[in-house]
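Lettering follows sequence order; numbering is per chain, from 1. These figures come from a predicted structure and were not determined experimentally.
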Amino acid sequence: MPDFIAVARPSDLSDPGSLLVEVEESLIVLIHAGGQFYALDDVCTHDGGPLSNGEVDVAGCTIACPRHGAKFDLATGAAKTMPATKPTLAHEVKVEEGQIWVRLSGQD
Amino acid sequence: MMTATAIQGFTQVDFDAFLALRAEEPAWLTTLRKDAWQRFEALDWPARNEEEWSRTDIRLFHLDRFAMPTTSDVAPPLAPGLLTHDVDLAGQLIGYNSQAATESLAEEIASQGVLFGSLDRLVIEQGDLLRPYFDREVVNRSKDKFAALHAACWSGGTLLYVPKGVAMEKPFHALSALGDGGIDLSKTLVILGDGAEATLLTETASTSETDSGLHCGSIELIVEPEAKLRYVNLQNWSKGVWHFAHQKATVDRNATLQWTIGALGAKLAKVNQEVALTGPDAEVQVNGVMFTEGRQHLSYNTHQHHQAPYCRSDLLYKSALQDRARTVWRGMIKVDVAAQRTDAYQRNDNLMLAPTARADSIPGLEIEADDVRCTHGSTSGRVDESQVFYAMTRGFTRTEAVRMIVAGFFQQVFDRISIESVRVALGEAIAQRVQDLDQPTPSAN
């Protein structure tokens, strides 16, 4: 299993807010919502476009793809609305020692 | 004198140093390079809001992690390649990090006026002969920033020139290899004069499975009237290589081209492959074989451009995908007003070996003539479980059954490839890559 990798500081993200980070050859959108941090692949499974810059909905715990509006669950990556039907990858996140750490899942 | 170590990236200073190393090149080529460099500097990198790039993400590509080719890299011992097993060759060229390492050409071939070998060397020795073909600009040097970069900085590469009326029975072979962190900006130029015939097998390789690297290349195939070319291009870089390529053939009156591509390697590949049928009764067959795994992303834009009447083009791309791999195929048949009685076909089939793989297939037609036959088709599907079950009832394991189904899937395109060593090499390479599907299928999340 991959190690946790420090990717940003909590102060780098407003709440709600998101930040695009590069983690070991993957682009990850880091999201701050309702005091929690989340990490998703920066890929909308509808047409492969980027999720970063999408609107974060704190109450619904989702991020919306800026291209066609598909929403994904922040915690699980599950597709919540059309036109996406498949989940995007969600990654484990923790905050320790003043850093946000991400452990990539789905590494082949 | 400028030294090779002066080149550290892709700045103006680096480009000047690159040109200084090529002071022997003809002045017309230096002018072409300088013009292309200006376009490279003026153009932006392709953006995701461009339709052609909307499904291909290059935000992780950083050109500044590479540097222009120098002449100082020493090639390590290289494997002979996959395509030449038991093949009697007319000539062979092996390149490493965008420079020729070894060249050979049989004397009886050279005596017929055939040129084959390093384009770097031959453009110096045969500049007057080659200039008209460069002036044709078969590949548009301004197509995008990658095309301009290549036109400015191409290095190494392969030339095959077969004079009018000369027919070559034995194939030629070229292998381009990359070391870890290396760059390959090679150009392939094939010129068949009127009525000439030849076969060229080209392939790529990396020195290890995990090497990183960059290929930004071009292929230009010029098939003059009545000529016949069989061309094979196997992309087999390691899974850490970025692969960007512009490839185009022009096929003139009564000429034929069989173009086979195999795509097995690369982290991300973005390829524009175009065939232009420029004279009446030209005929082109394009075969594509792709196998992707891990998180590979292979994107192919194909273009069949009918510019003259009574021409035929037939394209078949087949892809198998496992793990989280992704392919994008976008095909276009374009028929000009003058190209009456065109007969064109394009087809893309995708076999999904994992639910987390993804294939995007986007065929298209743009027809301006009114007396044509143009059709296209596309299929994407999983392995048929009933076929697996049947094979297992006959004593095969699940993995053996899946391997057979994958082999059967590709058989249609293998049957079209008329060169046995290519069929065998592609079949074996794909069989090795089919994973043990007895393993639990990874969940979608």
Side-chain angles (χ1 to χ4, degrees), chain A residues 1-2 5 7 18-30 38-54 61-63 65-68 70-80 83-93 102-108, chain B residues 47-62 65 209-213 238-242 266-268 270 292-299 321-330 352-362 433 435-436 439-445:
Chain A
M1 182 175 285
I5 297 166
V7 296
S18 64
L19 179 70
L20 183 66
V21 293
E22 192 175 324
V23 186
E24 291 196 336
E25 301 291 315
S26 293
L27 284 169
I28 304 296
V29 56
L30 202 60
Y38 306 93
L40 299 175
D41 260 12
D42 188 30
V43 177
C44 171
T45 55
H46 165 229
D47 73 350
L51 281 177
S52 49
N53 301 324
C61 198
T62 59
I63 185 169
C65 175
R67 280 190 179 176
H68 303 101
K71 292 183 179 178
F72 295 89
D73 187 279
L74 296 181
T76 66
K80 306 294 281 188
T85 58
K86 289 188 172 181
T88 197
L89 260 185
H91 306 280
E92 211 174 329
V93 183
V102 170
R103 176 151 65 193
L104 296 178
S105 54
Q107 295 297 290
D108 300 303
Chain B
R48 294 295 296 277
N49 58 5
E50 295 172 36
E51 180 64 21
E52 186 179 321
W53 289 87
S54 64
R55 294 161 194 268
T56 299
D57 191 345
I58 57 169
R59 288 176 295 167
L60 285 167
F61 170 66
H62 303 291
R65 293 183 184 170
E209 297 234 337
T210 55
D211 284 354
S212 65
S238 76
K239 305 294 192 300
V241 172
W242 299 89
K267 173 213 299 271
L268 180 144
K270 171 70 172 65
T292 58
E293 56 190 340
R295 302 194 74 162
Q296 282 183 278
H297 178 114
L298 303 186
S299 176
L321 304 89
Q322 61 188 10
D323 306 323
R324 292 184 173 276
R326 182 171 181 190
T327 60
V328 181
W329 173 75
R330 189 189 299 270
M352 319 299 289
L353 299 174
T356 45
R358 172 171 175 151
D360 294 358
S361 186
I362 311 164
R433 283 167 167 80
Q435 291 171 358
D436 185 348
Q439 300 294 325
T441 303
S443 68
N445 184 20

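A/K86 approaches B/P355 most closely through the heavy-atom pair NZ-O, 3.2 Å. Nearest heavy atom pair, residue A/L89 against residue B/R324, reads CD2-NH2, 3.6 Å. Nearest heavy atoms, B/R59 versus A/S52: NH1-OG, 3.7 Å.
The number of heavy atoms from other shown groups lying within 6.0 Å of NZ (A/K71) does not exceed 12.
Contacts with chain B were tallied for A/D47, A/D42, A/V43, A/L20; A/D47 has the most, counting heavy-atom pairs under 4.5 Å.
Proximity to chain B (any heavy atom under 4.5 Å) is restricted, for A/D41, to the side chain, taken from C-beta onward. For chain A, no part of B/H297 is nearby; none of its heavy atoms comes within less than 4.5 Å.
Here the side chain of B/R358 pairs a donor or acceptor atom with the backbone of A/T45 at under 3.5 angstrom.
The pair B/R295-A/E25 fails the salt-bridge criterion, with no side-chain N (NZ, NE, NH1 or NH2) lying under 4.0 Å from an Asp/Glu carboxylate O.
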